[in-house]
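Ligands are counted one by one from 1 in listed order, and the atoms in each one are counted from 1 as well.
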Amino acid sequence: MSKVLIIGCGGVASVAIHKCCQNSDVFTEIMIASRTKSKCDKLKAKLEGKTKTIIHTASVDANNVDELIALINDFKPELVLNLALPYQDLTIMDACLATKVHYVDTANYEPEDTAKFEYKWQWAYKKKFEDAGIVGLLGSGFDPGVTSVFSAYAMKHEFDEINYIDILDCNGGDHGYPFATNFNPEINIREVSAKGSYWEDGKWVETEPMEIKREYNFKGVGMKDMYLLHHEELESLALNIKGIKRIRFFMTFGQSYLTHLKCLENVGMTSIEPIMYEGKEIVPLQFLKAVLPDPASLGPRTKGKTNIGCIFRGKKDGKDKTYYLYNICDHEECYKEVESQAVSYTTGVPAMIGAMMILTGKWTTPGVHNIEEFDPDPFMDALNKWGLPWEEDFNPVLVD
Ligand code: NDP
């Protein structure tokens, strides 16, 4: 019996909203609020009549704290699910603090003018959220999100200490375009064109973009090239997992994607430095986003599967142990169910589940928390129930 305000109505939000509407015993009433209200109205029209969840819509500029506070005071939700962009995290957290409403997101704050994401800005809210008696749940997508819950689950049930984690994110999907991104192009390109890094022996080791390449044979997908990237969950897992010596993150990319990206970089199209064009200031990367396919349009065209998970190495009862936890998700099955491809699906489902954990009283500790800080068991059960079943392998091939 809960009211939830969902901010954003893009690829990820659309899946999360479908899932909330399938789970109407928990999500009895939702407000979809985004910059472009017509998108919210379109989704409402599609879902109404097929769900018991009562749906409202509104337009909001989530960069504006006062507008957010007014909307929250009017609708009176118990929780705000932030599925806009990482730039809006702090303003939405400010509005939640002012109104004493729980907060959930899927990506950590990133200032618009520097492509650098880290938790320090959001972790600075810990005491304020504690004092207000509200929960701030950070990173409830797939990675971060499910990969972090997998780590907490492995720590709780399979290991006494975990020494090595390799997070492997494989998208074996084919959308038929020479170049397109599976989620917001601006955020995606900022992430993959940045320097790589991993955590080893208590410090960060930095690499050039795409410098470290490995091959891996993914169940359900096959052999793929994957590249080491910096990724936000490395920062919190390095603090929260006992005995950790090294954490790395690898993502698969096809040759066509990399060739296009290199070319776009070489000509300056991925730059976030504003330039003057015909008397108007534009940011090249934002212009590029405008000409690339909308990720939401990839759904009906994408075939194949994703396979995302974590390989753990550590000790149990004094013996060395290896354990792989992963989920395989089929793009076409996702489209059949919620009219989205698997990258949005694998993020939108855990976003709904994270909100459900708070609303149903499973996760209640006030303060700002990364998702691996909570009991993973109810979340793991919910993954199996709500469309992202996980598989285990006790003898996986390791990444060198
Ligand atoms: P989209 O670009 O498809 O959607 C973003 C939505 O936010 C749009 O509806 C957009 O409105 C809205 N929005 C943007 N700015 C504002 C604003 N100032 N005020 C109100 N609404 C705004 O992005 P995705 O759905 O692909 O991604 C959503 C989030 O999910 C991102 O933060 C992304 O980083 C994260 N993500 C996390 C993953 C994980 O595994 N943890 C994986 C993939 C994504 P409009 O329609 O007007 O543009």
**Student:** Tell me yes or no: between the side chains of Glu337 and Tyr345, is some donor less than 3.5 Å from an acceptor?
**Tutor:**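 A pair is found: one side chain offers a donor N or O, the other an acceptor, under 3.5 Å apart.
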
**Student:** Residue-level breakdown please: for Asp61 versus ligand 1, do any non-hydrogen atoms fall below 4.0 Å on the side chain, on the backbone, on both, or on neither?
**Tutor:**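 For Asp61, the contact with ligand 1 is made by both the backbone and the side chain.
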
**Student:** Can you check whether Cys9 has an N/O within less than 3.5 Å of an N/O in ligand 1?
**Tutor:**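 Among all N and O atoms of Cys9, at least one is under 3.5 Å from an N or O of ligand 1.
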
**Student:** Do Met93 and Phe129 have side chains that approach each other closer than 4.5 Å (heavy atoms only, starting at C-beta)?
**Tutor:**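 The answer is yes, as the side chains (C-beta and beyond) meet within the 4.5 Å cut-off.
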
**Student:** Kindly give the cluster partners of Tyr177, where membership spreads through any ILVMFWY side chain lying under 4.5 Å from a current member.
**Tutor:**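 Leu298, which link up through side-chain heavy atoms under 4.5 Å apart, make up the rest of the cluster.
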
**Student:** Which atoms from ligand 1 have a heavy atom of Ile187 less than 4.0 Å away?
**Tutor:**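 Those qualifying, in numeric order: 34 (O).
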
**Student:** Charged N to carboxylate O under 4.0 angstrom, Glu158 versus Lys321?
**Tutor:**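 Salt bridge: yes.
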
**Student:** What part of Ala84, side chain from CB on, backbone N/CA/C/O, both or neither, has a heavy atom under 4.0 Å from ligand 1?
**Tutor:**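 Under 4.0 Å from ligand 1, Ala84 contributes backbone and side-chain atoms.
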
**Student:** Quick one: which ligand 1 atoms are inside 4.0 Å of a heavy atom on Gly11?
**Tutor:**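 The list of qualifying atoms is 3 (O), 25 (O).
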
**Student:** If every non-hydrogen atom of Glu273 is compared with every non-hydrogen atom of Pro284, which pair is closest and at what distance?
**Tutor:**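 In this case the closest contact between Glu273 and Pro284 is O-CD, 3.2 Å.
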
**Student:** Could you work out, for atom 20 (C) of ligand 1, the closest of Leu85, Val60, Asp294 by heavy-atom distance?
**Tutor:**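 Shortest heavy-atom distance from atom 20 (C) of ligand 1: Val60.
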
**Student:** For the pair Asp160 (side chain) and Asp317 (backbone), establish whether a donor and an acceptor sit closer than 3.5 Å, ignoring hydrogens and angles.
**Tutor:**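 Indeed, once roles are kept as given, a pair shorter than 3.5 Å links the two residues.
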
**Student:** Which residue holds the protein heavy atom closest to atom 25 (O) of ligand 1, what is that atom called, and what is the gap in Å?
**Tutor:**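 Nearest neighbour among protein heavy atoms for atom 25 (O) of ligand 1, to 0.1 Å: Val12 N, 2.9 Å.
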
**Student:** Among protein heavy atoms, which lies nearest atom 44 (C) of ligand 1, and at what distance?
**Tutor:**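 Ranked first by proximity to atom 44 (C) of ligand 1 is Phe183 CD1, 3.5 Å.
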
**Student:** Which of the numbered atoms in ligand 1 are below 4.0 angstrom from a heavy atom of Asn63?
**Tutor:**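 Numbered from 1, ligand 1 contributes 18 (N).
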
**Student:** Among Phe250, Trp204, Phe249, find the residue that satisfies the ring-ring contact (aromatic ring centres under 6.0 Å, His included) test when tested with His230.
**Tutor:**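 Testing each of Phe250, Trp204, Phe249 against His230, the sole residue satisfying ring-ring contact (aromatic ring centres under 6.0 Å, His included) is Trp204.
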
**Student:** Do the side-chain N and O atoms of Ser236 and Glu372 include a donor-acceptor pair separated by under 3.5 angstrom?
**Tutor:**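 Looking only at side-chain atoms, Glu372 and Ser236 do form a donor-acceptor pair, the distance falling under 3.5 Å.
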
**Student:** Under 3.5 Å, is there a donor-acceptor pair between the Glu186 and Asn188 side chains?
**Tutor:**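 No, Asn188 and Glu186 have no side-chain donor paired with an acceptor closer than 3.5 Å.
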
**Student:** To the nearest 0.1 Å, how far is atom 4 (O) of ligand 1 from its closest protein heavy atom, and which atom is that?
**Tutor:**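 Ranking protein heavy atoms by distance from atom 4 (O) of ligand 1, first comes Gly10 CA, 3.3 Å.
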
**Student:** Please report which non-hydrogen protein atom sits nearest to atom 19 (N) of ligand 1, along with the residue it belongs to and the distance in Å to one decimal place.
**Tutor:**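 Of the protein heavy atoms, Ala62 N, 2.8 Å lies nearest.
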
**Student:** May I ask you to identify the nearest protein heavy atom to atom 46 (O) of ligand 1, giving residue, atom name and distance to one decimal place in Å?
**Tutor:**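 Closest protein heavy atom to atom 46 (O) of ligand 1: Lys39 NZ, 2.5 Å.
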
**Student:** Within the 3.5 Å criterion, strictly below it, is a donor on Ser38 or Thr36 matched to an acceptor on the partner's side chain?
**Tutor:**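 There is no such pair between these side chains.
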
**Student:** Between Phe179 and Tyr257, is the ring centroid distance below 6.0 Å?
**Tutor:**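 Under 6.0 Å, so yes.
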
**Student:** Name the closest protein heavy atom to atom 38 (C) of ligand 1, giving the residue it belongs to and the distance to 0.1 Å.
**Tutor:**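 Residue, atom and distance for the closest contact: Thr347 CG2, 3.4 Å.
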
**Student:** Need the ligand 1 atom indices (1-based, order shown) with element for anything under 4.0 Å from a heavy-atom of Pro144.
**Tutor:**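 Close to Pro144: 41 (N).
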
**Student:** Using a 4.0 Å heavy-atom threshold (strictly under), name the region of Thr346 that reaches ligand 1: side chain, backbone, both or neither.
**Tutor:**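 Within the 4.0 Å criterion, Thr346 makes no contact with ligand 1.
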
**Student:** Give me the nearest non-hydrogen protein atom to atom 10 (C) of ligand 1 as residue plus atom name, then the distance to 0.1 Å.
**Tutor:**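 The answer is Ser34 OG, 3.9 Å.
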
**Student:** Which residue supplies the protein heavy atom nearest to atom 30 (O) of ligand 1, what is that atom called, and how far is it?
**Tutor:**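 Nearest protein contact, heavy atoms only, for atom 30 (O) of ligand 1 is Thr106 OG1, 3.2 Å.
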
